[in-house]
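Take a look at the structure set out below.
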Amino acid sequence: MVVIYTKGRDGGLSELGRTEVVLNSLNPKWITKHNITYHFEVVQTLVFRVYDVDTQFHNVDVKMLRLEEQQFLGEATCALSQIVPKSDRLLTLDLVYREDSESSRSNRHRDRGKLIVHAEESVSSKTTVEMSLRCSDLEYKDLFSKSDPFLIISKLTESGTAIPVCKTEVIKNELKPAWKPIYLNIQQVGSKDSPLIMECFNFNNNGKHDLIGKIQKSLADLEKLHAIGQGENLFLPTTVGHDYQNKILKSQLFVDKFTESVQHTFLDYLAGGCELNFMVAVDFTASNGNPRLPDSLHYIDPSGRPNAYQKAIIDVVEVLQFYDSDKRFPAWGFGARPIDGPVNHCFNLNGSSHYCEVEGIQGIMMAYTSALQNVSLAGPTLFGPVITNAALNASQSVANGGRKYFVLLIITDGVVTDLQETKDALVKASDLPLSILIVGVGGADFKEMEILDADKGERLESSTGRVASRDIVQFVPFRDVQSGEISVVQALLAELPSQFLTYMRSRDVKPIL
């Protein structure tokens with residue numbers, strides 16, 4: 001019998017389920033399937049423990065078996081993201097003894113057999129919902145004109161944190177907006193019964209958008225609203241004294257269309273030979289502070305505690321490394337002066353003048369610490385050259401017929417100086433297989449960054465008036481989410497699968513299944 005566990009962030013195990021008992025076999029094949037919701041944005045560690053169930057318990061329901069009364073044969077551990085990108089979705093693991101088992105040290109290295117794990121995607125997670133949403137009787141939020149409304153739809157995590165998964169366009173000067181259809185993958189939100197927060201905002205150019213009203217509904221609830229043709233009143237959380245109350249508004253949300261269809265999913269593309277390629281760019285401008293002093297954002301703590309730059313790199317690479325087959329990552333720095341030259345706004349982190357790639361997380365960390373000793377921090381903060389370099393990698397891959405999607409992580413402590421050049425580079429890059437994650441570290445005012453992240457507003461426009469074909473930027477200030485359960489990574493990575501799918505579908509790229 002196999003007992004399957006999921007491993008939490010704190011290392012604690014929670015039991016997911018048990019297989020049936022296969023009698024008298026040294027090569028058992030178990031039939032029982034266990035459902036687990038795949039979350040791209042976190043590393044989901046699975047632990048499998050194999051037991052020999054004593055003959056006297058063969059008629060007992062497996063759920064009732066006391067594990068301490070069975071003979072432990074070995075365990076295997078893997079991340080769910082090690083299985084799902086494989087074309088056959090099969091992973092072979094060596095069974096080993098637990099460190100805390102009583103057996104002698106020599107016994108632990110004996111061959112204890114192998115465990116083959118097979119995963120398949122359920123049909124429900126291939127189901128995409130198309131919805132057309134509109135609102136009526138929205139309130140005026142602008143002084144001299146009607147509101148400029150848009151919707152953000154977020155899923156709720158178990159800890160109650162909202163993660164945006166979808167947004168509409170902004171409709172200017174309209175109190176009865178009807179937005180273009182939106183597409184939501186059921187697996188992306190959890191299930192049809194998972195709660196969703198739907199917030200209607202009034203768009204402001206400064207990035208501080210006013211909440212007009214919100215509702216909490218599952219996809220199943222929204223389907224019912226569509227079926228009966230009725231609207232649902234929005235509410236606005238208000239404070240009365242020390243109490244929070246929801247003020248019910250006259251404004252209503254209507255679901256004019258609700259259809260379901262089965263489409264290729266993110267996992268289909270991974271199994272069909274597509275992969276993610278990770279790239280990183282680190283801000284070496286002087287505003288980070290002298291790296292030798294403890295108050296610097298670049299300070300390397302002798303105790304080994306990672307600084308904000310190292311933490312952001314580790315958090316993102318830990319998730320993405322499973323989807324990058326060679327684990328060789330281009331790594332750049334910007335805003336520093338190499339020992340022998342002028343300020344460079346895109347230099348290879350490893351110090352080489354010929355190649356920019358490093359090996360794995362360790363490679364990035366070593367290149368980063370060595371760069372801190374070999375460059376002097378300068379400025380200003382320019383993103384344009386780094387984005388152009390990343391876009392060049394993506395366009396070369398497309399030209400060579402590659403089935404890769406690129407993810408660039410930019411970590412910065414300050415507001416970008418070349419805002420228009422950055423917008424131009426982003427608009428150009430929006431036609432390429434590329435997403436850009438920006439993490440803001442330190443205490444700067446990152447309002448300008450919100451403009452680059454079209455999450456809360458309009459698509460970016462270049463200096464020539466060209467509009468980005470899709471939203472490819474996600475921005476998050478590191479300080480925002482350090483305290484809660486959800487790491488900055490989850491907030492950043494949650495939208496990556498849908499950005500990937502938007503690109504693949506718009507180019508009519510099909511997975512090779």
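Starting from 1, each residue takes its place in the sequence as its number.
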key: Non-hydrogen side-chain atoms of Pro385 and Trp332 separated by less than 4.5 Å   = no

request  = Would you check if the side chain of Asp471 reaches a backbone N or O of Val473 as a donor-acceptor pair within less than 3.5 Å?
outcome  = yes

query = Is there a side-chain contact between Pro511 and Met504, using heavy atoms and a 4.5 Å cut-off?
reply = no

query = Does a side-chain heavy-atom distance below 4.5 Å link Phe478 with Tyr309?
reply = no

key: Closest non-hydrogen atom pair, Lys86 against Leu91   = CE-CD1, 3.3 Å

query = Taking only residues two or more places apart in sequence or in another chain, which ones pass side chain to side chain contact (heavy atoms under 4.5 Å, CB included) with Asn205?
reply = Phe203, Glu458

remark   = For Leu349 and Ile364 the tightest heavy-atom approach is CD2-O, 4.5 Å

inquiry  = Just so I know, are the side chains of Ile410 and Ile387 near enough to count as touching, which here means a heavy-atom distance under 4.5 Å?
reply    = yes

key: Ring centres under 6.0 angstrom apart (Phe278, Tyr323)   = no

message = Check whether His298 reaches the backbone of Asp283 with its side chain - one donor and one acceptor, N or O, closer than 3.5 Å.
response = yes

note = Shortest non-hydrogen pair, Ile411 vs Ala312, comes out as CD1-CB, 4.0 Å

task = Go through Thr381 and Thr417 one step at a time and tell me if the side chain to side chain contact (heavy atoms under 4.5 Å, CB included) criterion holds.
result = CA-CA 5 Å; Thr381 306; Thr417 318; 3.9 Å; yes

query = For the residue pair His209 and Phe201, does the interplanar ring angle fall in the parallel (under 30°), tilted (30 to 60°) or perpendicular (over 60°) class?
reply = perpendicular

request  = Answer whether the closest heavy-atom distance between the side chains of Asn185 and Ser498 falls below 4.5 Å.
outcome  = no

query = Is any NZ, NE, NH1 or NH2 atom of the basic residue among Glu169 and Lys180 found under 4.0 Å from an Asp or Glu carboxylate oxygen of the other?
reply = no

ask   = If you measure from CG on Leu297 to CG on Asn290, what distance do you get to the nearest 0.5 Å?
value = 12.0 Å

request  = Please step through side chain to side chain contact (heavy atoms under 4.5 Å, CB included) for the pair Ser147 and Ile212, ending with a clear verdict.
outcome  = CA-CA 9 Å; Ser147 297; Ile212 299 174; 4.2 Å; yes

inquiry  = Once rounded to the nearest 0.5 Å, what's the spacing between atom CG of Asn350 and atom OG of Ser370?
reply    = 8.0 Å

SB check Lys7 Glu75 (cutoff 4.0 Å) = no

remark   = Rounded to the nearest 0.5 angstrom, the CD1-CD distance for Ile361 and Gln310 is 12.0 Å

Closest approach of Ile438 to Leu492 (non-hydrogen atoms, all atoms of both residues) = O-CD2, 4.1 Å

message = Any side-chain to backbone donor/acceptor pair from Arg459 onto Val427? Under 3.5 Å, distance only.
response = no

query = Is the backbone N or O of Leu151 less than 3.5 Å from a side-chain atom of Thr168, with the two atoms forming a donor-acceptor pair by type?
reply = yes

request  = Give the minimum heavy-atom separation between Ser154 and Ala162, together with the two atoms involved.
outcome  = CB-CB, 3.9 Å

ask   = Are the side chain of Arg89 and the backbone of His118 linked by a donor-acceptor contact shorter than 3.5 Å?
value = no

key: Stepwise side chain to side chain contact (heavy atoms under 4.5 Å, CB included) check, Met449 with Thr412   = CA-CA 10 Å; Met449 300 300 188; Thr412 181; 3.9 Å; yes

note = Closest non-hydrogen atoms of Thr422 and Gly384, given as atom of the first, atom of the second and distance, are OG1-N, 3.8 Å

task = Could you label the plane-to-plane angle of the Phe334 and Phe383 rings as parallel, tilted or perpendicular, counting under 30° as parallel and over 60° as perpendicular?
result = perpendicular

message = Keeping Thr265 on the side-chain end and Lys126 on the backbone end, is there a donor-acceptor pair under 3.5 Å?
response = no

query = Salt bridge or not for Asp315 and Lys311, using N-O below 4.0 Å?
reply = yes

ask   = Is a side-chain donor or acceptor of Asn202 paired with a backbone partner of Asp148 at a separation under 3.5 angstrom?
value = yes

ask   = Is there a donor-acceptor pair closer than 3.5 Å between any side-chain N or O of Gln263 and the backbone N or O of Thr128?
value = no

message = Could you check whether any side-chain heavy atom of Tyr38 comes within less than 4.5 Å of a side-chain heavy atom of Phe266, counting everything from C-beta outward?
response = yes

remark   = Here the gap from Asp424 atom CG to Thr388 atom OG1, rounded to the nearest 0.5 Å, amounts to 9.5 Å

query = Quick check, are the ring centers of Tyr405 and Tyr269 under 6.0 angstrom apart?
reply = no

ask   = Tell me, which pairs form a salt bridge (Lys or Arg N to Asp or Glu O under 4.0 Å) where one or both residues lie in residues 288-302, sequence neighbours left out?
value = none

ask   = So which pairs with a foot in residues 386-404 pass salt bridge (Lys or Arg N to Asp or Glu O under 4.0 Å), sequence neighbours left out?
value = none

Within-4.5 Å side-chain heavy-atom neighbours: Ser81 and Gln321 = no

query = For Lys428, does the NZ atom sit with more than 12 other heavy atoms under 6.0 Å from it, leaving out its own atoms?
reply = no

message = As a quick check of understanding, evaluate side-chain hydrogen bond (donor to acceptor under 3.5 Å, both in side chains) for Ser14 and Thr6, giving each step before the final call.
response = CA-CA 5 Å; Ser14 56; Thr6 53; 3.0 Å; yes

task = To the nearest 0.5 angstrom, please state how far the NZ atom of Lys155 sits from the OG atom of Ser194.
result = 8.5 Å

query = Are the side chain of Asn288 and the backbone of Thr285 linked by a donor-acceptor contact shorter than 3.5 Å?
reply = yes

inquiry  = Within the 4.5 Å heavy-atom criterion, are Val375 and Phe347 side-chain neighbours or not?
reply    = yes

ask   = To the nearest 0.5 Å, how far apart are CD in Gln499 and CG in Leu493?
value = 10.0 Å

request  = List the steps and the verdict of side chain to side chain contact (heavy atoms under 4.5 Å, CB included) for Lys423 and Ile451.
outcome  = CA-CA 9 Å; Lys423 282 185 179 176; Ile451 294 165; 3.9 Å; yes

request  = Run the salt-bridge test on Arg328 and Glu359 with the 4.0 Å N-O cut-off and return the result as yes or no.
outcome  = yes

